[in-house]
2 protein chains.
Amino acid sequence: MGRWEPDARGRLAKAALELYGERGYEQTTVAEIARRAGLTERTFFRHYADKREVLFGGPPPSLQDLFVRAIVEAPPATTPIDALALGLDAASEMFVDRRDFARKRQAVITANAELQERELIKLASMSAALADALRARGVPEPAASLTAEAGVAVFKVGFERWVAPGEQREMAPLMRESLDALKAVTAGGQAP
Amino acid sequence: MGRWEPDARGRLAKAALELYGERGYEQTTVAEIARRAGLTERTFFRHYADKREVLFGGPPPSLQDLFVRAIVEAPPATTPIDALALGLDAASEMFVDRRDFARKRQAVITANAELQERELIKLASMSAALADALRARGVPEPAASLTAEAGVAVFKVGFERWVAPGEQREMAPLMRESLDALKAVTAGGQAP
DNA sequence: AGCTTTGATGACAGCAACTGACATCAACAG
DNA sequence: CTGTTGATGTCAGTTGCTGTCATCAAAGCT
């Protein structure tokens, strides 16, 4: 066997999620996480850029990758909003059988403002990537950015409904419903 | 005159904006800001919760207040999407004659990730407030949240266009155009 | 006037997040 | 067998941020 126990990164992530859950994010120091993982504080920062990243740096492929790829690979004739729907389907796939884990993680995140910031950054980055993918399909501005933002909005709302206590339905239909609700609402203006 | 120079808070904000612009956000220490304002570091943190807040804590009424108020006060028969349009108009008013300042501020913010996080939090808070206002109008979920998210998306895109270099048009028409573009895009799906 | 209270600031000590520089030593390549 | 590599340890330092107590002009009270 090696000089050190294997999977230092994974041990750090596990220790962090445990401690954040047990005592809260702010009440947990990086030194404690490292100690529980049998490592030093310095090593923590070699694997994760900061104290929050340990909750967000999962193994690839990322949600963003799946979402973007589905849009890039959509048939050329697909309208932007239908490409978005395909992306939402692809995103939903990666959460199948993960609702329990997602709920625990979300509980930690919603309990702390700093972690919510990190999540917002992730979504903003996703929006930028979606807009890029749409522009690559020939969608002009500002439609590309707006479609991307709308996609993130639908994902956010759909995800919230999916992790809500008691919710039983799968993610994909919830995403579809949310997208339809957005369509209905934006069509609701009085005609000029 | 008093024991101290007046308007400590304003002097700190001025010194911070200058230094962030001159040398960058991360390269500026709170001690330097305080020194330029003729105060101590400890006093900085009595006026602003953290190093970022100095860029975001303007005097009321806030953008969010105006936006929400317009939605709350819209005639009862107004559809959600039209209430949103009224809110965007109200928000646009507070930026009249402020484009130069907004551009400088935005340059500082877009140059630094931490500051962008803070801005995202502001927008998320706005989204929550808009959703509350819409629910108070009787809009059910998930339509309320989706309309609110759409409103923030339109504001983001419209604002970006408004501060873009060379842009001459006022904010209100840009917001209207962006809202119309979102409507067009969400109406673009193939009928089932 | 004399006394008390108040509120903004200073001074100082301390914690924890994060960084840079260098040392260590099993594993591996040759 | 030797030199290199790469993950980790060690240590010192900077900086954002907080708690605590002292200071002292201004404003109010008697």
Side-chain angles (χ1 to χ4, degrees), chain A residues 1-57 59 108-109 111-119 121, chain B residues 1-57 59 108-109 111-119 121:
Chain A
M1 83 178 192
R3 183 176 176 188
W4 296 282
E5 297 300 310
D7 194 23
R9 189 182 169 92
R11 275 149 54 210
L12 285 167
K14 182 168 175 290
L17 189 56
E18 288 172 8
L19 285 166
Y20 292 170
E22 290 169 16
R23 332 175 13 183
Y25 171 79
E26 286 182 351
Q27 284 64 47
T28 304
T29 71
V30 174
E32 286 166 344
I33 298 170
R35 194 154 41 83
R36 180 172 292 202
L39 296 163
T40 65
E41 188 183 355
R42 191 68 185 85
T43 297
F44 177 96
F45 287 109
R46 286 201 179 94
H47 287 276
Y48 297 101
D50 60 57
K51 197 183 163 187
R52 300 173 298 175
E53 190 63 19
V54 66
L55 281 183
F56 294 90
V108 172
I109 291 174
N112 183 272
E114 268 182 69
L115 295 174
Q116 289 168 47
E117 288 187 18
R118 185 61 182 74
E119 183 144 86
I121 285 276
Chain B
M1 80 178 192
R3 182 177 175 189
W4 297 282
E5 296 300 309
D7 194 22
R9 188 181 169 92
R11 276 151 51 212
L12 286 167
K14 182 166 174 291
L17 190 56
E18 287 171 9
L19 286 166
Y20 292 170
E22 289 169 17
R23 334 176 11 184
Y25 171 79
E26 287 182 350
Q27 285 64 47
T28 304
T29 70
V30 175
E32 287 167 345
I33 299 170
R35 195 154 42 82
R36 180 172 293 203
L39 296 164
T40 64
E41 188 183 354
R42 190 68 185 86
T43 298
F44 177 95
F45 287 108
R46 286 202 177 93
H47 288 276
Y48 297 101
D50 61 56
K51 198 185 162 183
R52 301 173 299 176
E53 191 61 21
V54 66
L55 282 181
F56 294 88
V108 172
I109 291 174
N112 184 271
E114 268 182 69
L115 295 173
Q116 289 168 47
E117 287 187 20
R118 185 60 181 73
E119 183 142 87
I121 284 277

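Residue numbers begin at 1 in each chain, while the letters A, B, ... track the order of the sequences. Both backbone and side-chain heavy atoms feed into the values below; hydrogens, waters and symmetry mates do not. These numbers come from a predicted model, not from an experiment.
Only one option out of A/Glu119, A/Glu117, A/Gln116 pairs with A/Arg52 in a side chain to side chain contact (heavy atoms under 4.5 Å, CB included); it is A/Glu117.
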Inset, instruction - Produce a footprint string for nucleotides 10-18 of chain C: one letter per nucleotide, 5' end first; B if the base is under 4.0 Å from any protein heavy atom, S if only the sugar-phosphate is, - if neither. - result: BBB----SB

Inset, instruction - Sugar-phosphate means primed atoms, P, OP1 and OP2; the rest is base. With that split, encode nucleotides 1-6 of chain C 5' to 3' as B, S or - using protein heavy atoms under 4.0 Å. - result: ------

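Note on B/His47: every side-chain N or O is 4.0 Å or more away from OP1 and OP2 of C/dA8.
In summary, B/Glu18 and B/Lys14 engage in a salt bridge, as defined by a charged side-chain N under 4.0 Å from a carboxylate O. A salt bridge between A/Glu32 and A/Arg23 is present, with a side-chain N of the basic residue lying under 4.0 Å from a carboxylate O of the acidic one.
Atom-to-atom, CD of A/Glu5 to P of D/dG9 comes out at 12 Å; the value is rounded to the nearest Å. The nearest whole Å value for the distance from the CG atom in B/Asp7 to the C1' atom in C/dA8 is 13 Å. Note: CD (A/Glu114) to P (D/dG16) measures 15 Å, nearest angstrom. Atoms CD1 (B/Ile33) and P (D/dT15) sit 13 Å apart, rounded to a whole Å. The distance between atom CZ of B/Arg9 and atom P of C/dG7, rounded to the nearest whole Å, is 18 Å. To the nearest angstrom, C1' of D/dT15 lies 15 Å from CZ of B/Arg35. We find that CD of B/Glu32 is positioned 15 Å from P of D/dC17, with the value rounded to whole Å.
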Legend entry - A/Phe44 and A/Val54: CA distance, side-chain angles, deciding distance, side-chain contact (heavy atoms from CB on, under 4.5 Å) verdict: CA-CA 9 Å; A/Phe44 177 96; A/Val54 66; 4.1 Å; yes

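Between atom NE2 of residue B/His47 and atom CZ of residue B/Arg42 there is a gap of 11.0 Å, rounded to the nearest 0.5 Å. Between the CZ atom in A/Phe56 and the CD1 atom in A/Ile121 there is a gap of 10.5 Å [rounded to 0.5 Å].
Taking all atoms of both residues into account, the shortest heavy-atom contact from A/Tyr20 to A/Val108 is CB-CG1, 3.8 Å. Closest of all the heavy-atom pairs between B/Asn112 and B/Glu26 is ND2-CG, 3.4 Å.
In this structure, the salt bridge (charged side-chain N to carboxylate O under 4.0 Å, His left out) partners of B/Arg118, at least two apart in sequence or on a different chain, are B/Glu53. Applying the salt bridge (charged side-chain N to carboxylate O under 4.0 Å, His left out) criterion to A/Asp7, with sequence neighbours excluded, gives no partner residue. Residues passing the ring-ring contact (aromatic ring centres under 6.0 Å, His included) test with A/Phe45: none are found, sequence neighbours excluded.
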Review item, nucleotides 2-5 of chain D N/O atoms under 3.5 Å of protein N/O:
none

